[in-house]
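Just below is one structure, and these are the notes that go with it.
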Amino acid sequence: LQALPTARASFEVQNSPLSEGAVLGFEYGYSVYAPEVLVLWEAQFGDFANSAQVIIDQFIVAAQAKWLQTSSLVMLLPHGYEGQGPEHSSARMERFLQLAAGDNLTIANCTTSAQYFHLLRRQAQRMQTAPRPLVVFTPKSLLRHPMAGSSLSDLAEGRFQLVIDDASAAERRQSVTRAVVCSGKVYVDLMSSDAAKSAEAEAVAVIRLEQIHPFPAERLQRIFASYPGLQEVVWVQEEPRNMGAWCYVSDRLEAIVGPNTPVRYIGRPERASPAEGSADAHAEEQARIVAAAWSGVRVPQLNVAGG
């Protein structure tokens with residue numbers, strides 16, 4: 001960095017004990033003390049937030065309500081089921097959604113590099129006018145995935161989109177009967193499958209929820225209304241049913257579509273562990289979820305011992 005002729009920013013590297021509570025507490029305090037600085041805390045794996053939960057509960061999500069203390073701290077939490085084991089797979093999205101109320105924080109799960117860039121840019125712009133903590137879920141397997149890439153024009157001219165509609169459905173809106181709503185890495189799994197090119201896929205629109213909280217209800221409502229033949233809405237996630245975003249989005253989706261359009265869940269069954277401990281079992285479950293999303297068939301859920 002010092003060799004760059006136009007470099008003006010300082011850069012320091014500090015070594016510290018692996019105490020996420022202490023590190024996150026320091027980063028939160030720095031963001032409060034220096035509100036003009038965009039402070040980002042990145043966990044190497046999603047479960048690293050577990051040992052910092054007290055800082056999250058006591059300060060990050062509640063300090064404004066308790067003490068009128070504002071922060072623009074950004075938490076970057078790897079989250080995506082990669083078959084790497086129960087803990088590293090999950091940043092426990094459900095915990096943050098349970099703590100979300102009003103505009104106390106923003107929770108996002110981006111699918112492209114441009115979305116990630118514009119989300120951070122929006123966070124920097126809001127630091128002086130509406131400072132709020134930001135939680136970003138960032139799947140590791142998308143770091144180099146072609147589907148997560150963006151053009152230079154997307155980076156230079158675009159903006160952060162709360163929801164991304166299915167661009168491939170633009171010419172077949174009249175024939176879409178099922179809206180598949182998802183967030184994050186599972187979108188890439190859905191679109192990479194052979195079923196995405198099947199005849200059944202013609203009746204399916206895949207919609208990406210990029211910002212989960214605050215929930216973009218109006219934007220989703222407009223998208224659903226653009227499909228006049230819509231018969232059902234399906235929420236697809238990788239996490240077990242009692243985890244992830246399902247418990248947060250289910251009532252909100254039902255409120256948008258009304259009582260005449262069913263809202264269904266496709267994902268793993270309820271479990272005590274965030275993910276399987278076996279790569280083979282993970283791949284089998286993932287394939288089941290993707291197939292069920294495209295076909296609409298209620299595929300029997302696997303019961304993986306120890307999973």
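One finds the OH atom of Tyr248 at 10.5 Å from the CH2 atom of Trp235 (value rounded to the nearest 0.5 Å). Rounding to the nearest 0.5 angstrom, the gap separating the OG1 atom in Thr112 from the CG atom in Leu142 is 10.0 Å. Rounding to the nearest 0.5 Å places CG of Leu99 at 8.0 Å from CD1 of Ile107. How far CG of Asp103 is from NE2 of His213: 7.0 Å, rounded to the nearest 0.5 Å. Residue Tyr33 holds its OH atom at 9.0 Å from OH of Tyr30, rounded to the nearest 0.5 Å. Atoms OG and CD, on Ser168 and Glu202 in that order, are 8.0 Å from each other to the nearest 0.5 Å.
The side chain to side chain contact (heavy atoms under 4.5 Å, CB included) test with Met191 singles out one residue from Val206, Thr111, Val290, and that residue is Val206. Just one residue in the list Ile60, Val39, Leu134, Val32 forms a side chain to side chain contact (heavy atoms under 4.5 Å, CB included) with Ser71, and that residue is Val32.
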Please test Phe96 against Ile212 for side chain to side chain contact (heavy atoms under 4.5 Å, CB included), starting from the C-alpha separation and ending with a verdict. CA-CA 11 Å; Phe96 292 94; Ile212 307 173; over 6 Å; no

Please evaluate residues Trp246 and Glu94 with respect to the criterion side chain to side chain contact (heavy atoms under 4.5 Å, CB included), reporting the C-alpha separation (whole Å), side-chain torsions for both, the decisive distance (0.1 Å), and the verdict. CA-CA 8 Å; Trp246 167 245; Glu94 64 278 0; over 6 Å; no

Can Asn242 and Arg268 be said to form a side-chain hydrogen bond (donor to acceptor under 3.5 Å, both in side chains), step by step? CA-CA 9 Å; Asn242 57 319; Arg268 286 168 168 78; over 6 Å; no

Before you tell me yes or no, could you show the steps for Gln211 and Arg122 under side-chain hydrogen bond (donor to acceptor under 3.5 Å, both in side chains), namely the whole-Å CA-CA distance, both residues' side-chain angles and the distance that decides it to 0.1 Å? CA-CA 13 Å; Gln211 177 177 294; Arg122 187 186 71 171; 2.8 Å; yes

What do the steps show when you test Ser72 against Ser31 for side-chain hydrogen bond (donor to acceptor under 3.5 Å, both in side chains), and what is the final call? CA-CA 6 Å; Ser72 295; Ser31 71; over 6 Å; no

Show your working on side chain to side chain contact (heavy atoms under 4.5 Å, CB included) between Met93 and Met243 and close with a plain yes or no. CA-CA 7 Å; Met93 184 188 299; Met243 302 177 195; over 6 Å; no

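Between Tyr187 and Val180 the shortest side-chain heavy-atom distance does not fall below 4.5 Å. In this structure, Glu200 and Ser295 have side chains that are in contact, with non-hydrogen atoms separated by less than 4.5 Å. A 4.5 Å side-chain heavy-atom check between Phe215 and Leu220 finds at least one atom pair inside the cut-off. For the pair Gln237 and Cys182, the minimum side-chain heavy-atom distance is 4.5 Å or more. Side-chain contact check for Ser192 versus Met147: some heavy-atom pair is nearer than 4.5 Å. At a threshold of 4.5 Å between non-hydrogen side-chain atoms, the residues Glu12 and Gln14 count as touching. Using a 4.5 Å cut-off on side-chain heavy atoms (C-beta onward), Thr70 and Pro35 make no contact. The closest side-chain heavy-atom distance from Gln58 to Lys66 is below 4.5 Å.
Checked by atom type and distance alone, the side chain of Arg208 never pairs as donor or acceptor with a backbone atom of Leu162 at under 3.5 Å. Using modelled atom types, no side-chain atom of Asp57 and backbone atom of Val54 make a donor-acceptor pair closer than 3.5 Å. The backbone N or O of Gly244 lies less than 3.5 Å from no partner atom in the side chain of Arg92, so there is not a single donor-acceptor pair. Side-chain N or O atoms of Ser193 include one that pairs as donor or acceptor with a backbone N or O of Leu190 at under 3.5 Å. Under the 3.5 Å distance criterion, the side-chain polar atoms of Arg172 are matched with a main-chain donor or acceptor of Val204. Judged by distance alone, with hydrogens and angles left aside, the side-chain atoms of Arg288 form a donor-acceptor pair with the main-chain N or O of Gly267 at under 3.5 Å. Panel note: side chain Gln123, backbone Arg132; a donor-acceptor pair is recorded below 3.5 Å.
Linking Ile, Leu, Val, Met, Phe, Trp and Tyr whenever their side-chain heavy atoms come within less than 4.5 Å puts Val135 and Val249 in one cluster. Under the 4.5 Å side-chain heavy-atom criterion for Ile, Leu, Val, Met, Phe, Trp and Tyr, Val163 and Phe137 are members of the same hydrophobic cluster. Under the 4.5 Å side-chain heavy-atom criterion for grouping Ile, Leu, Val, Met, Phe, Trp and Tyr, Met75 is connected to Leu120 within one hydrophobic cluster. Hydrophobic clustering (ILVMFWY, side-chain heavy atoms < 4.5 Å, transitive): Phe48 and Val74 are in distinct clusters. Val234 and Ile164 fall into different hydrophobic clusters, where Ile, Leu, Val, Met, Phe, Trp and Tyr side chains are chained together by heavy-atom contacts under 4.5 Å.
Environment of CD in Gln125: crowded, with over 12 heavy atoms of neighbouring residues, nucleotides or ligands closer than 6.0 Å. Surrounding CG of Leu143 are more than 12 heavy atoms belonging to other residues, nucleotides or ligands, all under 6.0 Å away. Residue-environment remark: CZ (Phe26) stays at or below the threshold of 12 foreign heavy atoms within 6.0 Å. Enclosure of atom CZ in Arg121 is not indicated, since only 12 or fewer non-hydrogen atoms of other residues, nucleotides or ligands lie within 6.0 angstrom.
Residue Leu119 comes nearest to Cys110 through the heavy atom pair CD2-SG, 3.7 Å, listed as atom of the first residue, atom of the second, then distance. Counting all heavy atoms, side chain and backbone alike, Gln44 lies closest to Lys140 at O-NZ, 2.5 Å. Nearest heavy-atom pair, Gly184 versus Asn109, reported as atom, atom and distance to 0.1 Å: CA-ND2, 3.4 Å. Leu77 and Ala43 make their closest contact through CD2-CB, 3.9 Å (heavy atoms, listed as atom of the first residue, atom of the second, distance). Closest of all the heavy-atom pairs between Pro240 and Arg271 is CB-N, 3.9 Å. Closest approach of Ile55 to Gly21, counting heavy atoms only: CG1-O, 3.4 Å.
Between the side chains of Asp189 and Gln286, at least one donor N or O sits under 3.5 Å from an acceptor N or O. In the model, Glu210 has no side-chain atom that pairs as donor or acceptor with a side-chain atom of Gln161 under 3.5 Å. Between the side chains of Tyr28 and Gln69, at least one donor-acceptor pair of N or O atoms lies under 3.5 Å.
Ring to ring, Phe59 and Trp67 are close: their centroids are under 6.0 angstrom apart.
The salt bridge (Lys or Arg N to Asp or Glu O under 4.0 Å) pairs that include a residue from residues 150-165 are Asp165-Arg173, where partners are two or more places apart or lie in different chains.
The existence of a salt bridge linking Arg252 and Glu254 is excluded, since no basic side-chain nitrogen approaches an acidic carboxylate oxygen closer than 4.0 Å. Contact check on Glu238 versus Lys185 returns a salt bridge, with a Lys/Arg side-chain nitrogen under 4.0 Å from an Asp/Glu carboxylate oxygen.
Ring-plane geometry between His79 and Tyr81 is classed as perpendicular, the angle between the planes exceeding 60 degrees on a 0 to 90 degree scale with a lower cut at 30.
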